[in-house]
Amino acid sequence: MISQFFVLSQRGDNIVFRDYRGEVAKGSAEIFFRKVKFWKEDGQEEAPPVFNVDGVNYFHVKVVGLLFVATTRVNVSPSLVLELLQRIARVIKDYLGVLSEDSLRKNFVLVYELLDEVIDFGYVQTTSTEVLKSYVFNEPIVVDAARLQPLGPAAIFMQGTKRMPGTAVTKSVVANEPGGRKREEIFVDIIEKISVTFSSSGYILTSEIDGTIQMKSYLSGNPEIRLALNEDLSIGRGGGTVYDYRSSSGSGAVILDDCNFHESVRLDSFDMDRTLSLVPPDGEFPVMNYRMTQEFKPPFRINCLIEEAGQLKAEVIIKVRAEFPSNITANTIAVQMPLPKYTTRASFELEPGAVGQRTDFKEANKKLEWGLKKIVGGSEHTLRAKLTFSQESHANLTKEAGPVSMTFTIPMYNVSRLQVKYLQIAKKASSYNPYRWVRYVTQANSYVARI
């Protein structure tokens, strides 16, 4: 049961506010933003997705820099509310085409109409874009999508810059294009979040892939679609059937531990030829979610060395090597490393000719930061940092610093080797040939190297 729903900008401006039950004070948005902005409890950098202030439960997710918040005084499932917030964000994006502060302000009448249909007196009615079409009649005001980040798929606990890159689709599912024509096209994204932990000697301690096949359809008439995956795909022990969700120890090129499918997917022929049949609903939705813990080749190798370089001084050397093909380029790479608490200064030295790299020492939380705009496959980059301490270290430096963590995005690359072999659309006529877009994205979820 939801008492209030509101959307705040990064500055704390209240863009959308809906009070469903009148149980929570009107100033809750200001209380929430003040609490989130100055969150210092237990040394955390960001407020958790769920917290309680004076008997009011606050739930929030951050999507493209906007804070989607729900409040309630009753004891409800946190995962349910967080999923609801993410779905509301997706529904609004489906209708507006672009999710941003500007698009929300220009389309506030449509947004409030959507909210009133999604939630009634605090109870959730539907979050289906297709179902809402029957009840929502306002036309969206189109906003220029230039320089705006797209909304990613559900990543409930992913906050701030750790967002998933979703589809680059910025068209409304209800608005017609100029001239009244509709471009027939369908987008399929295979998005993988990878988690890897390296030991100090470079061995892989843990590795896991959380993947999703995301789809957004702009096909008129809702034709049936057949989506074919790798024929040698195995799921669960022995790869027997789709319903056998056990740990992977089967044979085959791609072995998934388990997976689940959208309700619109039919699995009639999946066990035989790994083909999914579905009639795609309107809007963006996950066709399939999967998990894989089979060993895979990590896209980056991280080597880090920290050693004393005299009294009250030390040197850090971080090397990052791209292990993927040279025709692939990773972007928005960020490397972080906590330094000893008594570090007072850090000076950096980049390799000769380094372009598009930045370095920083965050004195408040004693962190080294190294940002790279892009890394081409097969290349190696090195950072040297000279540290100055306020006191002598009486312990092993490697125990007081690290680990090194890394975030990145690699377009058109996936480590699981799961592929869409073909995308077949039931033809209405011989001349019907819609555009098909299939893309791959790999992103770091937790990429850590111990030192």
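Values in this document were obtained by computation on a predicted structure and should not be read as measured data. When a residue number appears, it is its place in the shown sequence, counting from 1. Excluded from the calculations below are hydrogen atoms, water molecules and symmetry mates; all remaining heavy atoms, backbone and side chain alike, are included.
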Hydrogens and angles aside, do [X] and [Y] bring a side-chain donor and acceptor to less than 3.5 Å of each other?
X: D273; Y: T275; value: yes
X: R226; Y: S277; value: yes
X: T212; Y: N289; value: yes
X: S201; Y: S199; value: yes

Going by ring-ring contact (aromatic ring centres under 6.0 Å, His included), name the residues that satisfy it together with F198, two or more places apart in sequence or in a different chain.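 For F198 the ring-ring contact (aromatic ring centres under 6.0 Å, His included) partners, ignoring immediate neighbours, are Y447.
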Taking side chain as C-beta onward, heavy atoms only, is R21 less than 4.5 Å from Y123?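 The answer is yes; the side chains approach within 4.5 Å.
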Is the shortest heavy-atom distance from the side chain of I88 to the side chain of I92 under 4.5 Å? yes
Using a 3.5 Å cut-off and no angle test, enumerate the donor-acceptor pairs between side-chain atoms of residues 350-358 and protein atoms at least two apart in sequence or in another chain.
| from | atom 1 | to | atom 2 | distance (Å) |
| --- | --- | --- | --- | --- |
| E351 | OE1 | T382 | N | 3.2 |
| E351 | OE2 | H381 | ND1 | 2.7 |
| Q357 | OE1 | W370 | NE1 | 3.0 |

Please check if the side chain of [X] supplies one atom and the backbone of [Y] the other of a donor-acceptor pair under 3.5 Å.
X: N107; Y: I141; result: yes
X: T127; Y: R87; result: no
X: D94; Y: E284; result: yes
X: S100; Y: S103; result: yes
X: E192; Y: V415; result: yes
X: D189; Y: Q214; result: no

Of F300, F324, Y440, which is the lone residue that meets ring-ring contact (aromatic ring centres under 6.0 Å, His included) with Y413?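 Of the listed options, the one satisfying the test is F324.
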Return the OG1 to CG distance between T129 and D282, rounded to the nearest 0.5 Å.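 CG of D282 is found 7.0 Å from OG1 of T129.
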In Å and rounded to the nearest 0.5 Å, what is the CE to CZ distance from M1 to R73? 13.0 Å
Assess whether atom [atom1] of [X] is packed by more than 12 heavy atoms of other residues, nucleotides or ligands within 6.0 Å.
X: N365; atom1: CG; answer: yes
X: Y135; atom1: OH; answer: no
X: Y435; atom1: OH; answer: no

Who are the side-chain hydrogen bond (donor to acceptor under 3.5 Å, both in side chains) partners of R266, not counting sequence neighbours? E224
For D19, what residues pass the side-chain hydrogen bond (donor to acceptor under 3.5 Å, both in side chains) criterion, not counting sequence neighbours?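 Per chain and number, D19 pairs via side-chain hydrogen bond (donor to acceptor under 3.5 Å, both in side chains) with K26.
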With sequence neighbours left out, which residue pairs that include part of residues 278-298 fulfil the ring-ring contact (aromatic ring centres under 6.0 Å, His included) condition?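 Matches after skipping sequence neighbours: H262-F285.
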Taking the six-membered ring of F270 as reference, does the NZ or CZ atom of R274 fall below 6.0 Å from its centre and within a 45° cone about the axis? yes
Is there any salt bridge (Lys or Arg N to Asp or Glu O under 4.0 Å) pair reaching into residues 319-328, and which pairs are they, with sequence neighbours excluded?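 Pairs touching residues 319-328 that pass the test: R321-E323.
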Using the side-chain hydrogen bond (donor to acceptor under 3.5 Å, both in side chains) definition, which of the options T206, D257, D258 pairs with T293? D257
